Every structure is written in structure tokens, then in C-alpha cells.
Amino acid sequence: SVMSGGSDPELDKEERFYMKCRAAYLSVFRSSLVNMTSKDQLCIVLQQAGRNPSQNALDKYWPPGTKKLNFDDFCEILKKERPAEPDQLMRIFKKFDVNCDGYISHEELSRILTSSGEKMSRKEVDEIFSLADVNKDGKLDYAEFCRLLESTAEQCQTAALKKLEADAKLKRQNFGNQLDNSPQSSESQPELPTSETQPRTELETTQRKDSRLSSRPSSARSRRSSLSTAITMGAGSTKSGRLVEPKSLQDWHHTLMRGCFYLEEDGTIVSLQYRLVIPETTSVYLTIWPLNLSPIPEKPSPWMCVDTALYVVTGNETKEDSNLVCFTELRDKERFLWRGELSAGSYLLLPFTTGCRLMKRTRKTSTKTAQLVNRTQSGELELTKEFKAALSDIFEVIDLDGSGLLSLEEYNFFEQRTSGEKCDEDAWAICKENFDTKNNELTRQGFLELNLMEANDREGDPRDLWLTLEAMGYNHSLEMVEGTCPLFLNGIIFFYCEDAKATLQAVHLDSGIKMLNSAVQRSITSKAEARSLKGHENVLIYTYKGESRISSVVANKSNQKMTVHINNEQSKNCVSSRGMSVFAVEVPARTKMVCQHVMALNDQQEWTYNCVETIIPSL
């Protein structure tokens, strides 16, 4: 959501929605930080919110392998799971009312419900009759049943909201649990190595009582202290005057690597991770930027405005603990870079985007479904021109080293993303026998031939082909659409070493959320000055000003959970990674937590970050 002054009806609507979400969630769990650990719990919370999810819907939201979902996941699910309309339910019942008298016999309904759709048991059918067979004559008064169902849903929502209204503390907690689960020590983080010293951000900071933030009684407000931070960023801040390439850069050893950001339905951003091995201490020049796939120079790919970054950490990709070494904080247009010296050793490179321009950007798309395959006059299948173009773009992205060929390793990252499976050596040998290859790797033509074979195997049925396209971020008009889940962002990583030839290899396709979040949190706390909230010296706010974004971390050094209310309403021309201007975060005891990232909505105009953080006291 865009941050600006004044009241926004859409924002008010969104806040009411999240209040209903929290009301339903807190009617089942003691806190929004408690995770749902079973499909049954998800069903119960959805019912508390007035929904009646089908088994198919629950299976979709809780696929095999799911261990837990959090409050944020629940909010996203609730947006998709619409309440059943009474009129719609009535129309369905009327189809089976052969006598048009408002009743359906026990025998007829039992036959329908136990033999079609999501089949019910005889016991479940009997329970429905016990509720709505008011005359006890073996007939269902389906109008009464619909009224009962609607009334029950309303009662659940009303009871949940009343419980929330009774606790003013809970009422103010609107959103959030992006936290770093690893408790951090109270000592400050050491400065990160950087090629050039970046001055501390001068923040306009005041500590004050703030009466504009709440409609609570003045007695409650008097116990709340606020920290206000205002930063104005100039227009056209995408150019860095400090970006200086080494004169002999073209003579350095260099490696190119591509990758993707995938936006999942739950809002998680997944990307490849990379293993970097340096044989000896050397000067390094590291850059990352979006990959433009548009053939028209005047119309670049829509994701070119999405911010990217690369965090370099030491550690093992199978472990959560890691040490941050550096990150690409300098910027020149769409490029982000770091220049410095790295010692001999093994490092992990973690791509990052704030999500400010990835998660909430939407654009109108065509509703027409594209054709993927045609039949020739001889009856043979062929790929359409549009489908070939989409596959060619996909090939560009999964060709990680930019060689124009797909290795088994590169192809398996594609398979992992689209099918969850991997191609073994035997299957790869068959691919090489049947499709165009070069140096034992699949060519672009071979990749097209492989997809044509899949179409032939299914006699032209495009459903599996669409599943592949959807996993790679395409809609049914064969458009790569922002705001459609999943979505990918193409990225290029260039790594230069002056004295040593390093190796760079993709090692894992995962969100790596804990390791990455820890690295992002440390990058903020090491660069920003900590400021405590008045009266709460153990609650610190770190605000980091980068080339193109402002990021904040909340550090709770106390021995009890703290709830911090965040208000960005006075900010202008901004967008937050949280997707809201007003929200709250619960920070467990002795924990640091990334609060939000904020970027300009329009880089060509001045923008102002104006955030008020307020402690919500325990009552």
C-alpha cells in the first residue's frame, strides 16, 4: 500500500480485514506468533472467520509436507477463501428439490452427498438432518439449514470480534511476525567490511507522547511512548556517485551466474543460493542486477525496477547459523555492487529483494487463454509461436552460466521448481539420445523438443504444460505477470577477482529465510545507530538508510515479549515491504527482528520516510 498523509478508505478497509483476521486467530490461539501445526487447526480458524472450507481447499492450503503455517499465511488464505453465499447454497439445493416444495428427503440427500463431489459419510449426513429436520419427518428444510449455516458463521465472527474488543492490547496488533528466531546477545554487532566508509545516517528523531495513534482512553495513551523517525530522500536517487569500476576490471577473472526470485502464494520469496570458493585472498568486485528479457529497448521487462541485493556469508547451506561478511549496498541505476577484499575460503551468496516492488505490484492482463500446441495438416502436434517464445525466455533464465546450453545440474533446478523432482543420469542419457545436444548439454532447440515430446505424450492435453508455465510465473495469456503467484525475477550476478580464479556454483533452490533474514538483520544493526524508546530502554530501533531503501530492526533486550505498533501514515511517495501503512509486530524476549523495508514508489520524485514506533503496553 502507498504511504501518504490523510485517511484512505482502502486502507481502512484493509485494517478492518486484518482486525477480523486477528479476531479469528486469537479466538483459537493465545498469540499471533503461535503457528498452526495441523490442517484441522487451519479449518477451525477459518470457521471462526466465517468460512466453510472444502476438503479440497484445505488440501490446497496445506499440501503434503507442510509442518506449520503462521498468522500471515492465514491472512493470505482468508483473502482467497470467500464465505459461502446463502443464495448460492439455496440454488444448489433447489436443483435437487424435485417437488419444488422446499424439502429434500433424507434418502435423496444421502445418495447425493455420499456418492458425488467430496463424499460425506452416512453419519455426517445424519448430523445435517438432526440440525435441519425441524418436523422430524425425514425431510430437510433446506431454507432453514441455509439460515442456520449463515447464522452460525455470523455468530463465530461476532464472538471473535467481541473477544478482541474486550482486550485493547490485542486490538492494536494488526499484523506481522517476520522475526529472526535466533536470540542475539546484547552486545553491538561489529562493523562490516566495506570498500568505502559510509557515514552514519543523520536522523530527525524525537521521543514523545503521541495522541494521534490510537482511539484508546487517555489513561492508556499516557503509558505509551513513541519514537519518531523522519528521513527525506531526493528524487532520482538511483544513481551513485561513488560507483567506480577498477580501470583494469576487464582483465580480472570473472564469472557470470543467473538466477530467479520466485514469489510463492504465501508471500515467501524463494531464490537460488550460490557457493563461492576463493583459493587465495584477493580484491573482489561483485554486482547483481535484474535481467532484461525484452527484445524492445524502449520497453524493458516490467521487473527491471525491482530492487536486488546480494549477501555474502560464511557458513554451510544446511545450517541456519552464519556470519555476514558483506552485502551489495552501492547502487547505479538497476545495478547493486560491493567492492572490497575477501580472504581465501568458501562463502555462500544469498540473493535478496525487499519485496516492496515484487509483492504488491499489479497490472491489467488479458483474460484470453493462449494456445500452446497446434496440429498440422498431417495431424502432428507442434508448439505455437507464442509458447516457443515463452520457453525461450525460460531457457534464458535456467541457463545459469549463460553458456547457451543446459547442463544436468541446471535442468534439475528447473525440474525442482516445476515438478519437485530431479532427472537422474539414466534419464539424462535418454534426453541426450532424443533431443538436440552439444557437449552433452541440452541446446535451446533440444529444450523445445523436450516440451513437444511432453505434449505428444499427453496427446495434446496442455494441462501439465500449464503447470510448468505457472510455476515459472506465467499466466494463461503467456504473460510474465507481477502480482501473480508464483512470480520470478531474473537476476545476473557478476563476480570479478583480481588475483585469483574463483568458482561460483548454484547449490540450492530454497527460501533460506532464516539465514538470509539473519544476514539482513545484521547488515542493518551494524550500519545504523540504535535508539531506545523512552521508558523502554531495553527496546531499540535501528534505522538504516541505504542507496535506495530504508530498513529498520526492532531489538527487544528485555526478558518479556514486546509489541511495537508501527505507523507510516505520514510518509509520502513510499511503499513498505509489509504492504500496510499501519501494523504491529510482536517481538519475543531477547530477540532482534527485521521490522520493514521502505522504498520510493516513484524514484523520480522526492520521498519521505516518516515512521512512528510505539510500545503497546501489557494490560
Side-chain angles (χ1 to χ4, degrees), residues 191-198 238-261 269 271-292 304 306-315 317 322-354 400-402 489-508 512 515-516 518-520 522-524 526-527 544 546-549 551:
E191 284 292 334
L192 300 181
T194 181
S195 57
E196 301 179 48
T197 303
Q198 181 171 341
T238 59
K239 295 182 179 180
S240 169
R242 296 184 291 145
L243 178 66
V244 180
E245 288 188 1
K247 293 181 180 180
S248 58
L249 186 63
Q250 296 305 316
D251 298 326
W252 290 22
H253 301 286
H254 66 276
T255 303
L256 176 148
M257 190 64 68
R258 295 175 179 173
C260 313
F261 289 125
I269 300 174
S271 69
L272 282 162
Q273 298 174 7
Y274 304 86
R275 171 63 63 186
L276 169 68
V277 178
I278 299 178
E280 60 185 76
T281 300
T282 183
S283 295
V284 168
Y285 187 82
L286 179 63
T287 62
I288 181 172
W289 70 90
L291 171 63
N292 185 15
M304 293 302 291
V306 176
D307 61 293
T308 61
L310 205 57
Y311 285 78
V312 180
V313 302
T314 57
E317 60 265 22
S322 62
N323 294 312
L324 176 63
V325 177
C326 62
F327 67 102
T328 54
E329 57 180 327
L330 299 182
R331 183 182 186 185
D332 182 31
K333 297 182 180 179
E334 71 273 7
R335 290 200 301 164
F336 289 81
L337 70 94
W338 180 83
R339 181 184 176 186
E341 186 175 270
L342 290 180
S343 302
S346 179
Y347 302 87
L348 272 178
L349 305 189
L350 308 177
F352 168 76
T353 179
T354 62
L400 299 181
D401 60 7
L489 170 73
N490 312 297
I492 293 181
I493 299 169
F494 257 115
F495 190 88
Y496 293 86
C497 286
E498 184 176 17
D499 303 315
K501 188 173 183 179
T503 59
L504 184 61
Q505 182 181 16
V507 291
H508 199 44
M515 183 182 293
L516 179 58
S518 175
V520 173
R522 292 177 187 181
S523 73
I524 296 170
S526 69
K527 295 285 184 179
Y544 164 74
E547 292 278 349
S548 59
R549 65 176 164 95
S551 302

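The structure presented is a predicted model; accordingly, all values stated were derived computationally and were not measured.
Closest heavy-atom contact between L324 and S523: CD2-N, 3.5 Å. Considering every non-hydrogen atom in both A506 and L400, the closest pair reads CB-CD1, 3.7 Å. When all heavy atoms are compared, the tightest approach of D401 to M257 is N-SD, 4.3 Å. Between E547 and E329, the shortest heavy-atom distance links the atoms CG-O, 2.9 Å. Closest of all the heavy-atom pairs between L337 and Y285 is CD2-OH, 3.8 Å. Scanning both residues, V277 and S346, for their nearest heavy atoms gives CG2-OG, 4.2 Å.
Checked by atom type and distance alone, the side chain of R522 never pairs as donor or acceptor with a backbone atom of I524 at under 3.5 Å.
Atoms OG1 and CH2, from T282 and W252 in turn, are 7.0 Å apart once rounded to the nearest 0.5 Å. In this structure, CG on L504 lies 10.0 Å from CD1 on I278, to the nearest 0.5 angstrom.
P290 places a side-chain heavy atom less than 4.5 Å from the side chain of T308. The shortest distance between side-chain heavy atoms of S271 and F352 does not fall below 4.5 Å.
Classified by interplanar angle (parallel below 30°, tilted 30° to 60°, perpendicular above 60°), the ring pair F327/Y311 is parallel.
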